[in-house]
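Worksheet: one structure, shown below.
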Amino acid sequence: QVQLVESGGGLVQPGGSLRLSCAAAGFTFSDYAMSWYRQAPGKERELVARIRSPDSSTNYADSVKGRFTVSRDNAKNTVYLQMNSLKPEDTAVYYCNARYTSWSRRVYDYWGQGTQVTVSS
């Protein structure tokens, strides 16, 4: 029943921009912190950006700070990642993640299938 579906990936030139979207269903979206992770070949999965709930505070990996912006639209159950000034090292599969920890410390953790972002000349 839970679904996280990423879209918006593709091939872009260095210096270009992409906007990723993650459409969520099957859970109370506004309760969850939403994150974007990425994994490049030969590298560990890394957190790129996170936006919390309900305060919508954000944090970013140092490597993307100032270039990427994460946002959410709770009415649409969608989280976005605006990626500007893209670099070849941004090439990776980007994954959407939803995470909620209840007051009793039960963790709810969901993942999307991923979308490929390739930055290349």
Side-chain angles (χ1 to χ4, degrees):
Q1 196 71 18
V2 170
Q3 283 188 295
L4 294 172
V5 181
E6 301 96 335
S7 61
L11 175 65
V12 66
Q13 297 272 123
S17 296
L18 284 174
R19 188 196 194 206
L20 305 184
S21 297
C22 173
F27 60 95
T28 306
F29 182 80
S30 60
D31 286 344
Y32 282 69
M34 301 298 300
S35 298
W36 290 96
Y37 288 79
R38 68 187 182 189
Q39 188 165 26
K43 296 186 67 178
E44 295 291 308
R45 181 193 66 179
E46 65 170 339
L47 176 66
V48 177
R50 174 175 291 142
I51 182 164
R52 294 183 175 88
S53 184
D55 58 298
S56 293
S57 60
T58 59
N59 60 273
Y60 299 91
D62 287 342
S63 59
V64 308
K65 201 167 298 181
R67 301 188 297 121
F68 291 11
T69 303
V70 63
S71 61
R72 66 193 296 160
D73 186 339
N74 286 348
K76 294 182 178 179
N77 286 359
T78 302
V79 62
Y80 306 94
L81 185 67
Q82 179 66 47
M83 304 186 294
N84 298 326
S85 302
L86 282 160
K87 304 174 180 179
E89 51 262 46
D90 296 318
T91 296
V93 178
Y94 284 70
Y95 296 94
C96 180
N97 169 260
R99 188 176 178 94
Y100 170 68
T101 303
S102 75
W103 295 116
S104 62
R105 302 281 183 108
R106 178 175 177 179
V107 177
Y108 301 80
D109 195 60
Y110 306 122
W111 292 88
Q113 295 286 332
T115 186
Q116 177 71 48
V117 172
T118 303
V119 185
S120 176
S121 300

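In this text the structure is predicted, and so the values were computed from the model without any measurement.
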#### Entry: Nearest-0.5 Å distance, OH of residue Tyr94 to OG of residue Ser7
15.0 Å
### Query
Can we call the ring centroids of Tyr108 and Phe27 under 6.0 Å apart?
no
### Task
Using the rule that two of Ile, Leu, Val, Met, Phe, Trp, Tyr join whenever any of their side-chain heavy atoms come within less than 4.5 Å, decide whether Leu20 and Tyr60 are in one cluster.
yes
### Message
When you compare the side chains of Arg52 and Asn59, does any donor N or O come within less than 3.5 Å of an acceptor on the partner?
### Response
yes
### Query
Could you state the interatomic distance from CH2 (Trp36) to CZ (Arg50), rounded to the nearest 0.5 Å?
14.0 Å
### Task
Write down the atom of Ser120, the atom of Gln13, and the distance for their closest heavy-atom approach.
O-OE1, 3.4 Å
### Message
Aromatic contact between Tyr100 and Tyr32, with the criterion being ring centroids under 6.0 Å apart: yes or no?
### Response
yes
### Task
To the nearest 0.5 angstrom, please state how far the CD atom of Glu46 sits from the OH atom of Tyr95.
12.5 Å
### Task
Could you tell me whether the side chain of Thr101 and the main chain of Val107 form a donor-acceptor pair under 3.5 Å?
no
### Summary
Closest non-hydrogen atoms of Ala61 and Leu47, given as atom of the first, atom of the second and distance, are CB-O, 3.4 Å
### Query
Measuring from Ser63:OG to Phe68:CZ, what's the distance to the nearest 0.5 Å?
7.5 Å
### Task
Compare all side-chain heavy atoms of Asp90 with those of Met83 and state whether any distance is below 4.5 angstrom.
no
### Query
Shortest non-hydrogen contact from Arg67 to Leu86?
NH1-CA, 3.8 Å
### Summary
Output for pair (Gln82 CD, Ser71 OG), nearest 0.5 Å, gives 8.5 Å
### Summary
dist Cys22:SG -> Asn77:CG (nearest 0.5 Å) comes out at 10.0 Å
### Task
Kindly work out whether a path of hydrophobic side-chain contacts (I/L/V/M/F/W/Y, heavy atoms less than 4.5 Å apart) joins Val2 to Met34.
yes
### Query
Honestly curious: do Val70 and Tyr110 fall in one hydrophobic cluster under the side-chain, below-4.5 Å linking rule?
yes
### Query
Between Glu6 and Thr115, is there a donor-acceptor pair closer than 3.5 Å when you use the side chain of the first and the backbone of the second?
no
### Query
Do Asn84 side-chain atoms and Gly16 backbone N/O form a donor-acceptor pair below 3.5 Å?
no
### Query
Under 4.5 Å between any side-chain heavy atoms of Arg38 and Val64, yes or no?
yes
### Message
When you compare the side chain of Ser35 with that of Arg99, does any pair of heavy atoms fall below 4.5 Å?
### Response
no
### Task
Please name the pair of heavy atoms, one in Phe29 and one in Val79, separated by the smallest distance, quoted to 0.1 Å.
CZ-N, 4.0 Å
### Message
When you compare the side chain of Ser121 with that of Pro14, does any pair of heavy atoms fall below 4.5 Å?
### Response
yes
### Message
Can you confirm whether Gln113 is buried at CD, in the sense that more than 12 heavy atoms of other residues, nucleotides or ligands lie under 6.0 Å from that atom?
### Response
no
### Summary
On a heavy-atom basis, the closest approach of Ala92 and Ala40 is CB-N, 3.9 Å
#### Entry: Derivation of the side chain to side chain contact (heavy atoms under 4.5 Å, CB included) call for Thr91 and Gln116
CA-CA 8 Å; Thr91 296; Gln116 177 71 48; 4.0 Å; yes
#### Entry: Asp62/Lys65 under salt bridge (charged side-chain N to carboxylate O under 4.0 Å, His left out): CA gap, chis, key distance, verdict
CA-CA 5 Å; Asp62 287 342; Lys65 201 167 298 181; 3.1 Å; yes
#### Entry: Distance-minimising heavy-atom pair for Leu18 and Val12
CD1-CG1, 4.0 Å
### Query
Without hydrogens or angle criteria, can the side chains of Ser102 and Ser104 be said to hold a donor-acceptor pair below 3.5 Å?
yes
### Query
If you group Ile, Leu, Val, Met, Phe, Trp and Tyr by side-chain heavy-atom gaps below 4.5 Å, do Tyr80 and Tyr37 land in one group?
no
